[in-house]
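Because the structure is predicted, anything quoted here is derived from the model rather than measured. Below, read A as the first sequence line, B as the second, and so on, with proteins coming before strands; counting in each chain starts at 1.
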Protein chains: 2
Amino acid sequence: MLTGIPRIKGAKAAHYSCFEKVEMAQKPATLKDVAAFANVSRATAARALNSYGYVGDETAQRVQEAAEKLGYRGNRLAQALRNGQLPIIGCILGDIQNPFFARIAHDIEALARRSRYNLIIGSSEEQLEQEVSLLASLQSLSIRGFIVAPTSDENNIHLKRLIEENVPLVLIDRVVQGIDCDSVVVDNEGGARKAIEYLIAMGHRRIGLLQDDTRIFTSRARLSGYQSALVAAGINPDDRMISVSQSTVEHAIDATIRLFSQKSPPTALFTVDSLMTQGALLAFRSMGISIPHDVSLIGFDDFNLATFTDPQITVVAQPVSEIGLAAARLLFERLSGHSRQTRQIRFETKLLVRGSVSRRQDV
Amino acid sequence: MLTGIPRIKGAKAAHYSCFEKVEMAQKPATLKDVAAFANVSRATAARALNSYGYVGDETAQRVQEAAEKLGYRGNRLAQALRNGQLPIIGCILGDIQNPFFARIAHDIEALARRSRYNLIIGSSEEQLEQEVSLLASLQSLSIRGFIVAPTSDENNIHLKRLIEENVPLVLIDRVVQGIDCDSVVVDNEGGARKAIEYLIAMGHRRIGLLQDDTRIFTSRARLSGYQSALVAAGINPDDRMISVSQSTVEHAIDATIRLFSQKSPPTALFTVDSLMTQGALLAFRSMGISIPHDVSLIGFDDFNLATFTDPQITVVAQPVSEIGLAAARLLFERLSGHSRQTRQIRFETKLLVRGSVSRRQDV
DNA sequence: AATATGTGTGAGATCGATCTCACATTGTCT
DNA sequence: AGACAATGTGAGATCGATCTCACACATATT
């Protein structure tokens with residue numbers, strides 16, 4: 001039988017001790033240090049600092065002073081190891097660069113900070129695999145609160161397992177079938193429908209849709225709102241009016257150009273997110289198509305430059321400032337142990353009519 | 001003396017499976033579980049899984065299989081407690097909503113992920129106190145790598161202490177006097193100077209400055225570039241040409257209106273960051289001032305809507321995509337222990353001439 | 001007086017992974 | 001044969017905070 005190849009370890013220890021003498025990096029004070037300084041046991045020191053159990057007044061005083069003098073700050077790692085959870089919230093989003101997610105992350109962080117939680121942010125970059133591995137990595141940190149914008153509707157064993165293990169989880173922006181947990185979303189379908197109804201009311205019949213990957217929940221819901229509004233108005237959905245692209249400005253430009261290079265292009269366009277709206281704007285500019293004269297435009301999700309363009313862009317606005325807040329609240333409720341029915345919050349959207357839609361008499 | 005009792009194989013597993021059915025929240029498998037399952041000691045299991053020391057081939061195999069079967073994932077918390085550091089990078093920025101910081105955070109996260117590090121993000125909200133408390137909270141987590149955009153130039157004992165304790169630290173966007181550590185900044189002064197020189201070359205003499213709180217490093221440096229360009233051109237800096245505001249769109253609007261409500265307002269304006277540029281744009285629109293006809297504008301920091309406006313805005317662009325990358329690289333170099341001289345990276349800026357500056361013959 | 005109760009304190013176990021050490025084996029070299 | 005190295009393995013200590021005990025005194029109650 002072959003023997004294993006020796007895995008050589010080497011004189012690591014010797015090296016370390018050698019370094020230590022050189023770099024006098026003084027370690028932070030531990031509870032043991034404080035206890036020694038106050039001349040009590042660790043147990044008593046802990047009692048004094050966390051005020052539980054019985055501690056003599058005078059002793060408590062002494063421990064407090066010792067802690068102060070030594071600049072004692074508990075080691076959160078050790079605490080977490082002991083009590084099984086680390087006061088950190090894991091937040092897995094599509095991309096922090098997306099202002100929508102950035103705002104949400106910011107709000108969550110601010111709220112978490114007040115409860116002395118920290119926030120770990122991970123980008124799934126819309127890839128299921130990355131979402132799974134990030135989640136696993138955070139779980140092995142004993143993190144017990146997650147806010148996730150799930151990339152995919154399928155293959156959600158990792159989320160199911162979280163629920164089974166009773167780990168507090170809030171889904172935002174998108175929900176997932178078969179997963180019963182707290183969630184915060186907006187009425188994507190209704191928002192899209194409102195936009196299309198408005199365009200129809202303004203006389204448009206050939207209404208284009210610039211949409212994202214249909215694997216993404218929001219994209220699918222918005223498509224469905226688009227279709228139902230058309231059908232309700234007796235307009236036959238036409239595949240040639242729909243262009244699919246990835247959610248980046250660059251891809252959206254190409255997709256828009258494709259859509260408007262047809263013989264009879266749409267007279268209006270609805271875009272499913274703000275990056276695509278921006279792509280459409282740039283595409284129109286490069287094609288010499290003017291808004292709202294040549295084409296009308298409505299985008300889903302408000303964005304800061306919507307009011308900087310001329311004309312300003314009509315959009316379906318989501319209550320972005322509410323989403324992160326609501327998600328964080330739900331999560332903290334669950335973290336504080338009140339287990340209750342899961343709650344699904346759905347915010348309404350609002351059509352902000354600005355100047356990018358014009359009435360169409362002809363057709 | 002007790003005799004070595006042979007380890008019983010199935011006993012433990014049976015116990016667990018019994019519990020599993022009752023309490024759904026099954027705890028993740030520990031090394032102890034794996035060891036028991038493979039019928040070896042914890043020490044041996046650890047050796048097999050981390051490939052160090054001597055382990056028999058057949059034993060190693062058995063441990064691997066046990067780990068797989070039980071879905072073992074090491075508890076990073078326990079590991080961190082043992083070896084003194086948690087593979088997490090702490091990132092303290094002004095505000096993640098600022099696209100500049102969002103981009104940087106995104107890049108750092110992506111790079112960290114590859115090294116199996118996670119990223120904790122905290123917003124200082126430009127408040128020293130919050131920066132200090134965030135840092136303390138992260139330190140008590142045994143986090144040993146920080147990337148910080150320091151809020152203030154003074155009162156930096158907390159940063160000094162980090163350096164003394166030999167904690168890897170990289171400052172971005174701003175440096176701090178008296179703190180010798182790695183840093184990544186841009187040439188703020190040079191960038192501002194280039195902008196002002198360009199305005200002067202275009203015939204402007206009454207050049208306004210819309211600037212941020214001078215406690216902020218970048219703001220000070222940009223002011224200094226503004227002044228030195230004026231002086232070099234023989235123009236006397238005039239306080240009435242300078243307006244100070246907080247770095248938000250709303251405050252910038254007010255400040256711009258103040259500046260341009262004077263008897264002889266500036267003919268050109270330089271804004272020190274992109275939020276202020278946006279504020280200025282809105283203010284001009286509300287005042288009926290047209291760019292570049294009535295006033296010329298250059299902003300520091302490119303931003304996505306700069307190319308969406310008409311005319312497009314001329315800006316001093318920073319290599320945003322390089323900053324996060326460079327910072328993360330410096331940090332990981334230090335984390336990997338190669339202690340060396342500190343390095344100060346300074347990127348050049350680039351004046352992107354677009355359409356918001358016009359030549360001024362008169363005055 | 002004997003028992004209960006209320007205070008105050010410390011020893012030691014625990015969380016999970018890792019590392020040092022001691023102790024077995026086996027094989028190899030004089 | 002005896003000495004010595006190369007392997008393989010397990011017991012126990014360690015990281016730092018917390019919690020359960022057990023124990024020591026008080027004072028209060030029957």
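With sequence neighbours left out, A/Glu129 forms a salt bridge (Lys or Arg N to Asp or Glu O under 4.0 Å) with no residue at all.
Atom OH of A/Tyr54 is separated from atom C1' of C/dG10 by 17 Å (rounded to the nearest Å). In this structure, A/Leu81 atom CG and D/dT14 atom P are separated by 17 Å, rounded to whole Å. Taking atom CZ of residue A/Arg82 and atom C1' of nucleotide C/dA13, one finds them 8 Å apart after rounding to whole Å. When rounded to the nearest whole Å, the span between CG of A/Asn39 and P of C/dG8 equals 18 Å. Going from atom CG of B/Asn50 over to atom C1' of C/dT20 covers 16 Å, rounded to whole Å. When the P atom of D/dG16 is taken as reference, atom NZ of A/Lys27 falls 8 Å away, rounded to whole Å. Atom C1' of nucleotide D/dG8 and atom CD of B/Glu58 are separated by 12 Å, given to the nearest angstrom. One interatomic measurement links the two molecules: OH of A/Tyr52 to P of C/dT9, which rounds to 13 Å at whole-angstrom precision.
A salt bridge is defined here as a Lys NZ or Arg NE, NH1 or NH2 lying under 4.0 Å from an Asp or Glu carboxylate O, and B/Arg329 with B/Glu333 fails to meet this definition. Between B/Arg340 and B/Asp182 a salt bridge is recorded (basic side-chain N to carboxylate O distance below 4.0 Å). Ion pair A/Glu65/A/Lys69 not flagged as a salt bridge, since none of the NZ, NE, NH1 or NH2 atoms sits closer than 4.0 Å to an Asp/Glu carboxylate oxygen.
Nearest-nucleotide assignment on DNA chain D puts the 5′-proximal partner with B/Thr59, out of B/Thr59 and B/Asn83.
Residue pairs meeting the side-chain hydrogen bond (donor to acceptor under 3.5 Å, both in side chains) criterion with at least one partner in residues 139-152 of chain A, sequence neighbours excluded, are A/Glu131-A/Thr151, A/Gln139-A/Glu165. Sorted by first and then second residue, the side-chain hydrogen bond (donor to acceptor under 3.5 Å, both in side chains) pairs involving residues 70-79 of chain B (not counting sequence neighbours) are A/Ser137-B/Arg76, B/Arg76-B/Asn118.
Within residues 63-80 of chain B, no residue approaches DNA chain D, by heavy-atom distance under 4.0 Å.
For D/dG10, the OP1/OP2 oxygens have a side-chain nitrogen or oxygen of B/Ser41 closer than 4.0 Å. When the side-chain nitrogen and oxygen atoms of B/Thr44 are compared with OP1 and OP2 of D/dG10, one or more of them lie within a distance under 4.0 Å.
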Where do N or O atoms of nucleotides 21-27 of chain D meet protein N or O atoms at under 3.5 Å, pair by pair?
none

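Rotation axes derived from the C1' atoms of the five outermost pairs at either end of the helix from C/dA1-D/dT30 to C/dT30-D/dA1 lie 70° apart, to the nearest 10°.
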